[in-house]
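The next block holds one structure in the form of structure tokens; read it before the comments.
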Amino acid sequence: MMESVKVHVALPNGHRGVTLSQLMQITEVAEELGFDGVWPLDHVLVGPDLKDVYSWVIEPLTLLGYLAARTSRIRLGTSVIVLGMRNPFVVAKQAATIDLLSNGRFTLGLGAGYSEPEFRNIGAGDVWHTRGKRLDEAIRLFRHLWSGAPGPFDGQFYRYEEGHFGPLPPQGERLPILIGGNSDAAVRRAATLGDVWQSTRLKPEEFGVKAEQLRSYANGRRVEVGARTSLTGDPDSVLTRVKAFQKAGAEHLCAYFGSTVEDFVPIMRTFAREVMPALR
């Protein structure tokens, strides 16, 4: 018997022209219908490589602070923050604050990033070649800060002698960290440092191979595995896709429910009515 799969909504905060009221409506409907979470994406100042897809992005951490005050049950997470373009001390504080605002409903999704032009645009070009090592160290820094330990922290990239960090997130140092990405480095990072791994644009059969790879790296360590995908089409084909991911080992799906923002709510309602009952 396959375990039930959690279904999160990939918020379309990167769709050109999307409004705050539309994102709020999608979130409210997601909570009403019993979806497990809502997850916005992150880009700051894209270059020519991404200008046609991510030139309009409502900042995800600020957005989740707004949504935290207007929801009570649904999980809130990022899918994902490109950490190399941000100060990790500030992100640690933002994550703790969103966890406080949401009463412990936040998951911090992180990625190393894949667009060197965007790193250069925001003045982080020198970070590009060490972004993976920096991300690994930042995860250890987050755990240290969220634990309330006064210091010191002595890393290769981040260090201080004595520091006092408060308020702590309600989930403490175990505030879940999700690692996104399909590369071997991302899978290994999730297996050894993360709580959740999320693939991007993989087919179910490809996902299964990566999930098995993660389990071998984890060596018995518990890591939730899931996939970012699209769940559009007729209910039967959508159910078939979800079950294919389940069979491949997915414990959650973070899904787009349309090619336009206007598609989301009606497709989510159809999914809840026609597909969700078959997943329980």
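The shown structure was predicted, so the numbers you read here are calculated from the model rather than taken from an experiment. Side chains are part of it too, since the values below use all heavy atoms of this structure and drop only hydrogens, waters and symmetry mates.
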Closest approach of A149 and Y160, non-hydrogen atoms and distance? O-OH, 4.4 Å

Partner residues of T19 under the side chain to side chain contact (heavy atoms under 4.5 Å, CB included) criterion, sequence neighbours left out: S21, Q22

Calculate, to the nearest 0.5 Å, the distance between atoms CD1 and CG belonging to I98 and L61 respectively. 4.5 Å

Residues in salt bridge (Lys or Arg N to Asp or Glu O under 4.0 Å) contact with E137, at least two apart in sequence or another chain: none

Value for CZ (R215) from CZ (R222), rounded to nearest 0.5 Å, stands at 10.0 Å

Please tell me if the side chains of I177 and L193 come closer than 4.5 Å, counting only heavy atoms from C-beta onward. no

Okay, side chain of S199, backbone of L202: is any donor-acceptor separation there less than 3.5 Å? no

Residue pair A95 / L108: nearest heavy atoms and the distance that separates them: CB-CD2, 4.2 Å

Those residues that, when tested against R143, pass salt bridge (Lys or Arg N to Asp or Glu O under 4.0 Å) (two or more places apart): D195

Can you find a heavy atom in the side chain of H15 that is under 4.5 Å from one in the side chain of S259? no

Taking the side chain as C-beta and beyond, is there a heavy-atom pair between T78 and D42 under 4.5 Å? no

Taking salt bridge (Lys or Arg N to Asp or Glu O under 4.0 Å) as the test, write out the residues that go with E224, two or more places apart. K6

Ring geometry between H43 and Y114 (parallel below 30°, tilted from 30 to 60°, perpendicular above 60°): perpendicular

Closest approach of A138 to P88 (non-hydrogen atoms, all atoms of both residues): CB-CB, 4.0 Å

When you look at T71 and T27, which way does the side chain to side chain contact (heavy atoms under 4.5 Å, CB included) test go after all the steps? CA-CA 8 Å; T71 55; T27 300; 3.6 Å; yes

Salt bridge (charged side-chain N to carboxylate O under 4.0 Å, His left out) pairs touching residues 253-279, sequence neighbours excluded, are E32-R269

Do the non-hydrogen side-chain atoms of L175 and F142 ever get within less than 4.5 Å of each other? no

Report the residues that fulfil ring-ring contact (aromatic ring centres under 6.0 Å, His included) with F35, sequence neighbours left out, ordered by chain and then residue number. F257, F271

Give the minimum heavy-atom separation between V223 and G194, together with the two atoms involved. CG2-O, 3.9 Å

Verify the cluster assignment for L135 and V80: are they in a single hydrophobic cluster under the rule of side-chain heavy atoms below 4.5 Å apart? no

Side chain to side chain contact (heavy atoms under 4.5 Å, CB included) between T107 and L76, worked out: CA-CA 6 Å; T107 296; L76 307 172; over 6 Å; no

Can you check whether Y217's main-chain N or O pairs, donor with acceptor, with R188's side chain at less than 3.5 Å? no

Check: G37 main-chain N/O paired with H8 side-chain donor or acceptor under 3.5 Å: yes

With F245, which residues qualify under ring-ring contact (aromatic ring centres under 6.0 Å, His included), at least two apart? F207

My understanding is that only residues two or more places apart in sequence, or in another chain, count here; which of them pass salt bridge (Lys or Arg N to Asp or Glu O under 4.0 Å) with D36? none

Does the side-chain hydrogen bond (donor to acceptor under 3.5 Å, both in side chains) test come out yes or no for E206 and N182, once each step is laid out? CA-CA 10 Å; E206 297 170 321; N182 304 333; over 6 Å; no

Side chain to side chain contact (heavy atoms under 4.5 Å, CB included) between F264 and Q25: does it pass, once the steps are laid out? CA-CA 10 Å; F264 268 65; Q25 182 192 23; over 6 Å; no

With the 4.5 Å side-chain cut-off for hydrophobic clustering, are L64 and L83 part of the same group? yes

T232, T229, D236 screened by side-chain hydrogen bond (donor to acceptor under 3.5 Å, both in side chains) with R241, the one that passes: T229

Please test S4 against L279 for side chain to side chain contact (heavy atoms under 4.5 Å, CB included), starting from the C-alpha separation and ending with a verdict. CA-CA 6 Å; S4 61; L279 301 179; 5.8 Å; no

Give a yes or no on whether L101 and V91 share a hydrophobic cluster (residues Ile, Leu, Val, Met, Phe, Trp, Tyr; joining criterion: side-chain heavy atoms under 4.5 Å apart). no

Residues that, via side-chain heavy atoms closer than 4.5 angstrom, fall in one hydrophobic cluster with I122: V44, L45, V82, M85, F119, V127, W128

Between atom CG of L214 and atom CH2 of W197, what is the distance when rounded to the nearest 0.5 Å? 6.5 Å

What pairs of residues pass the salt bridge (charged side-chain N to carboxylate O under 4.0 Å, His left out) test when at least one of them lies in residues 44-73, not counting sequence neighbours? E59-R86

Answer yes or no: is there a side-chain heavy-atom contact under 4.5 Å between L63 and L20? yes

How long is the gap from CD1 on I26 to CD on E31, to the nearest 0.5 Å? 14.5 Å

May I have all residue pairs that pass salt bridge (charged side-chain N to carboxylate O under 4.0 Å, His left out) and include part of residues 102-118, sequence neighbours excluded? E116-R120

Check for a donor-acceptor pair, side chain of N13 on one end and backbone N or O of P40 on the other, with a separation under 3.5 Å. no

Qualifying salt bridge (charged side-chain N to carboxylate O under 4.0 Å, His left out) pairs with a residue from residues 126-136, counting only residues at least two apart or across chains: D136-R189

Go through H252 and Q198 one step at a time and tell me if the side-chain hydrogen bond (donor to acceptor under 3.5 Å, both in side chains) criterion holds. CA-CA 9 Å; H252 81 260; Q198 190 176 96; 3.0 Å; yes

Here's one to test your reading of the geometry: is the NZ or CZ of R159 within 45 degrees of the ring axis of F153 and under 6.0 Å from its centre? no

Cut-off 3.5 Å, side chains only: do R228 and Y256 have a donor facing an acceptor? yes

Tell me if a side-chain donor or acceptor on S102 pairs with a main-chain N or O of A68 at a distance below 3.5 Å. no

For the hydrophobic clusters of this structure (ILVMFWY residues joined by side-chain heavy atoms under 4.5 Å, transitively), does one cluster hold both M24 and V9? yes

When hydrophobic residues are tied together by side-chain contacts of less than 4.5 Å, even through go-betweens, does L41 share a cluster with I179? yes

Which pair of heavy atoms, one from P204 and one from A248, lies closest together, and at what distance? O-CB, 3.4 Å

Rounded distance (nearest 0.5 Å) linking atom OG of S147 with atom CG of L168: 7.5 Å

Please confirm whether the backbone N or O of G166 pairs with a side-chain atom of K93, one donor and one acceptor, at under 3.5 Å? yes

Distance from L145 atom CG to H164 atom NE2, nearest 0.5 Å? 12.0 Å

Looking at L231 and I267, what are the two nearest heavy atoms and their distance? O-CG2, 4.0 Å

Side chains of R16 and S55: any donor to acceptor distance under 3.5 Å? yes

For the backbone of G155 and the side chain of R140, can you confirm whether one donor and one acceptor N or O come within less than 3.5 Å of each other? no

